[in-house]
Amino acid sequence: MDRVEIRLDEPPRVANIGVGVHGVNGPHDIFRLTGLWQLHLYSYEAELILGGTVHRIRPGRVSLIPPGEEVHFHYRGRSEHLYAHLQLSDSGARHTVPVMQDVGADGPLLSALLRRGIAAMPGTPSKAAATAWAALWQVVELSAPERPGGGPPAIAAAMAHIEAHLAEPLTVPDIAQVAGVSHNHLTRLFRAETGTTVVAYIRRRRLERARHLLRASTLAIPAVAAAVGIPDLQAFNKACHRELGGSPRAVRTSDSPVYRRQSVQDQR
């Protein structure tokens, strides 16, 4: 077995999380968990055999083993790893993950997440579940450095940059440089992956964020405009009419829970 499928639309239930110490009483262990996934982050050299496939354990590698599978470990002395035994949802989007993979530069982050889960488990299981969930997403992303819906890594990098800088001036050449591709190549990728241009995507994301801020907050309209990178109020008004179907004030008062609460208070 080389790869497994997991679903992460819901947080896991953490049955146990801790530091495992093996190889003390002998060089060989056979391990099986019924109904629980095994997540291991290693700091030693060994071998893991799963379904007849041999996986080399090395420091800085992580494994993910599905429930009910018999695992054979062959140690070379005292061996210590971080682990989490988890129950995962069987519904939601599927993510294919290698059984064993290198964590690379993400090792310190993954280790910190698991150790936070270990510290939280005795008194705050929900916090342990949250950190384990984050660790699992980190493991998924090791083998798929893409945006959540799939696609080239350059698209993921471009979209992440856009999301982090919506309040600032954004140009296609600058975004392409961050993504590590040419202007023209990024344009082609965006058209292929999203069906639209980079500029149109930025405009859509800015107005989606503006709609959220207008409806869910009491932030002043000029502040909303500045927060989404359209500080010119006339341009912001035109963009709202074009993309959201009305003026900023109309968007704010249409189906806005904040506005409804304010109206009730004003009537008292």
Side-chain angles (χ1 to χ4, degrees), residues 3 8-9 60 62 92-98 101-110 113 134-217 219-248 250-252:
R3 304 180 77 83
L8 296 178
D9 285 11
V62 64
R94 297 179 180 180
H95 305 276
T96 302
V97 181
Q101 56 184 323
D102 291 310
V103 297
D106 291 329
L109 173 57
L110 191 54
L113 287 169
L136 286 168
W137 275 112
Q138 199 70 24
V139 170
V140 168
E141 291 170 2
L142 289 172
S143 59
E146 305 166 354
R147 63 187 177 89
I155 291 288
M159 288 181 171
H161 181 75
I162 290 168
E163 290 302 310
H165 297 86
L166 279 181
E168 305 166 21
L170 287 166
T171 68
V172 179
D174 287 344
I175 297 168
Q177 184 176 14
V178 169
V181 295
S182 69
H183 178 159
N184 290 337
H185 188 47
L186 182 66
T187 300
R188 288 193 295 271
L189 286 175
F190 250 83
R191 178 67 71 180
E193 290 294 317
T194 69
T196 190
T197 65
V198 182
V199 172
Y201 177 82
I202 294 170
R203 182 171 60 245
R204 189 183 81 211
R205 289 299 301 132
R206 280 177 165 157
L207 270 296
E208 286 173 352
R209 183 171 294 183
R211 175 163 49 197
H212 164 70
L213 292 173
L214 287 168
R215 290 184 171 179
S217 80
L219 200 63
I221 288 174
V224 172
V228 300
I230 314 175
D232 183 301
L233 286 180
Q234 186 175 3
F236 182 61
N237 188 61
K238 288 181 179 178
C240 284
H241 273 282
R242 183 176 60 248
E243 300 289 332
L244 305 180
S247 68
V251 173
R252 164 154 282 172

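Distance check: Leu207 CG to Ile230 CD1 gives 5.0 Å after rounding to the nearest 0.5 Å. Between the CD atom of Gln138 and the CG atom of Leu109 there is a distance of 4.5 Å, given to the nearest 0.5 Å. To the nearest 0.5 Å, atoms CG (Leu170) and CD1 (Ile202) are separated by 5.0 Å. Note that SG of Cys240 and CZ of Arg252 are 10.5 Å apart. Values are rounded to the nearest 0.5 Å.
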Stepwise, does the side chain to side chain contact (heavy atoms under 4.5 Å, CB included) test hold for Asp102 with Leu142? CA-CA 8 Å; Asp102 291 310; Leu142 289 172; over 6 Å; no
With side chain to side chain contact (heavy atoms under 4.5 Å, CB included) as the test, would you mind laying out the steps for Val62 and Leu110 before giving the verdict? CA-CA 9 Å; Val62 64; Leu110 191 54; 4.1 Å; yes
Would Leu166 and Val228 count as a side chain to side chain contact (heavy atoms under 4.5 Å, CB included) here? Give the steps. CA-CA 5 Å; Leu166 279 181; Val228 300; 5.6 Å; no
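Shown here are the side chain to side chain donor-acceptor pair (under 3.5 Å) partners of Asp232, two or more places apart in sequence or in another chain: there are none. For Pro108, the side-chain contact (heavy atoms from CB on, under 4.5 Å) criterion is met by no residue, not counting sequence neighbours. Listed by chain and residue number, Glu208 satisfy the salt bridge (charged side-chain N to carboxylate O under 4.0 Å, His left out) test with Arg204 (two or more places apart in sequence, or in another chain). Remark: His241 engages no residue in a ring-ring contact (aromatic ring centres under 6.0 Å, His included) (not counting sequence neighbours). Scanning for salt bridge (charged side-chain N to carboxylate O under 4.0 Å, His left out) contacts around Arg242 gives an empty result, with sequence neighbours left out. Evaluation of the side-chain contact (heavy atoms from CB on, under 4.5 Å) rule for Ala225 yields Leu233, Phe236 as partners, not counting sequence neighbours. For Pro231, there are no side-chain contact (heavy atoms from CB on, under 4.5 Å) partners two or more places apart in sequence or in a different chain. With sequence neighbours excluded, the residues satisfying side chain to side chain donor-acceptor pair (under 3.5 Å) with Glu243 are Arg203. Judged as a side-chain contact (heavy atoms from CB on, under 4.5 Å), and not counting sequence neighbours, the contacts of Asp9 are Ala93.
For residues 161-187, the pairs satisfying salt bridge (Lys or Arg N to Asp or Glu O under 4.0 Å) are Glu163-Arg205, Glu163-Arg209, with sequence neighbours left out. Applying the ring-ring contact (aromatic ring centres under 6.0 Å, His included) test to every pair with at least one member in residues 184-205, sequence neighbours left out, gives these pairs: Phe190-Tyr201.
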